[in-house]
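All heavy atoms count here, side chains included; hydrogens, waters and symmetry mates do not.
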Amino acid sequence: GVVQGDEACDGATHTLLESSCGTFGEHGALGCDSYCQLDTGACEASSWTAVSLATTSGVTIGPSDAVVAMYAAGPRDVWAIVGPRTGTTRAVIHGDGASWAAVTPPVSQASALHGASGKVWVGTATGAVIERSDTGWITRGAPAAAPITQLWGDSARLFATVQSGGAAEVWRSTGATTWVRETLPVSLTAVTAVRGLAGGNLYVLGVGAGGPVLLERSGAGGWTSST
């Protein structure tokens, strides 16, 4: 919107703060017009649409294949790894909201995927991590010579989980291609999910000797666990 006199119509009016496109059964970002009224022009209808991967350009995807990892940077910028649930013959694909096409990263055996702040990270079954930005693909080194199972990062940090035999490890990027293994409060045999808050805590859901366990890493670097 516009500013008229002492009015600040930059999407921060009282009504706007308490509303969203979801109020109207849609999604998107509300705005305000030059009269300080709600502007729903950016709202889009909320609905589910099935987009078949069978016609993905550049790769053959069979009926028994699965999406094993996915990251959405936006409604028209979606990345995924597809292929067998077990094994390493998988493809990295990109969706623009209308169709999918295979992407050819400079590695094979993709096993994990995440992204943030305009970057996309791909981990492999051989332990390598690569990064894609506007300038193309670069290597981020290899935490360990074992499969990468999960990736998570934000604008300043990048974490990877590695399945090293019967033990699951958490590694943190410390430079362009260097990594350090995190010291966890309990030993894990597997990691099932990794999530985090940008600039804040990291959460690792895994399996320990006594069953499921949730590990939490503070922004300062300390770990705690709960079962």
Side-chain angles (χ1 to χ4, degrees), residues 12 17-18 20 22 27 29 67-75 77-81 92 105 107 110-134 137-227:
L17 287 173
E18 295 184 352
S20 69
H27 68 273
V67 176
V68 297
M70 178 174 284
Y71 163 70
D77 186 10
V78 184
W79 297 77
I81 296 175
V92 179
V107 294
S111 60
L113 175 73
H114 189 65
S117 303
K119 300 175 181 178
V120 176
W121 300 290
V122 175
T124 74
T126 59
V129 177
I130 59 171
E131 174 184 293
R132 181 185 174 96
S133 63
D134 292 338
W137 293 98
I138 61 172
T139 180
R140 291 300 305 268
I148 305 292
T149 58
Q150 301 280 337
L151 288 169
W152 186 88
D154 55 23
S155 61
R157 302 175 299 168
L158 178 59
F159 295 88
T161 60
V162 173
Q163 189 66 41
S164 181
E169 304 167 353
V170 179
W171 290 72
R172 174 173 50 89
S173 173
T174 56
T177 60
T178 56
W179 296 77
V180 63
R181 180 180 172 183
E182 292 280 299
T183 301
L184 304 179
V186 297
S187 297
L188 300 178
T189 58
V191 169
T192 56
V194 177
R195 299 292 186 270
L197 302 174
N201 291 7
L202 178 75
Y203 303 91
V204 176
L205 180 63
V207 179
V213 59
L214 178 64
L215 303 183
E216 180 178 355
R217 184 186 191 273
S218 70
W223 286 91
T224 56
S225 65
S226 59
T227 57

Open item on the list: Which heavy atom of Ala176 sits nearest to which heavy atom of Arg140, and what is that distance?
Closed with: O-NE, 2.9 Å

Task: Distance, nearest 0.5 Å, that separates CD of Glu169 from CD of Gln163 - done: 8.5 Å

Task: Inter- and intrachain pairs under side-chain hydrogen bond (donor to acceptor under 3.5 Å, both in side chains), touching residues 142-155, at least two apart - done: Thr149-Thr161, Asp154-Arg157

- [ ] Check Ala116 against Tyr71 and note the closest heavy-atom contact, atom names and distance.
- [x] N-OH, 3.5 Å

TODO: Measure the OG1-CG distance between Thr224 and Leu184 for me, rounded to the nearest 0.5 Å.
DONE: 11.0 Å

Task: Exercise: identify the closest heavy-atom pair between Gly153 and His114 - done: N-CD2, 3.2 Å

Open item on the list: Is there a side chain to side chain contact (heavy atoms under 4.5 Å, CB included) between Trp223 and Val204? Walk through the geometry before answering.
Closed with: CA-CA 10 Å; Trp223 286 91; Val204 176; 3.9 Å; yes

Open item on the list: Check whether Ser111 reaches the backbone of Gly123 with its side chain - one donor and one acceptor, N or O, closer than 3.5 Å.
Closed with: yes

Open item on the list: Parallel, tilted or perpendicular: which one describes the rings of Trp137 and Trp79, with boundaries at 30° and 60°?
Closed with: perpendicular

- [ ] Could you pull out the closest heavy-atom pair between Val107 and Thr124, with the gap in Å?
- [x] CG2-CG2, 3.6 Å

TODO: First locate atom CZ of Arg217, then atom CZ of Phe159, and finally report the distance between them rounded to the nearest 0.5 Å.
DONE: 4.0 Å

Open item on the list: With rounding to the nearest 0.5 angstrom, report the CG to CZ distance, Asn201 to Arg195.
Closed with: 15.5 Å

Open item on the list: To the closest 0.5 Å, what do you measure between CD (Glu216) and CG (Leu205)?
Closed with: 13.0 Å

Open item on the list: Strictly distance-based, threshold 3.5 Å: is any side-chain N or O of Glu131 a donor or acceptor partner for the main-chain N or O of Val122?
Closed with: no

Task: Closest heavy-atom pair and its distance - Pro185, Leu215 - done: CG-CD2, 4.0 Å

TODO: To the nearest 0.5 Å, tell me how far Met70 CE sits from Ile81 CD1.
DONE: 10.5 Å

TODO: Taking all heavy atoms of Val67 and all of Ala80, pick out the closest pair and write down the distance.
DONE: CG1-CB, 4.2 Å

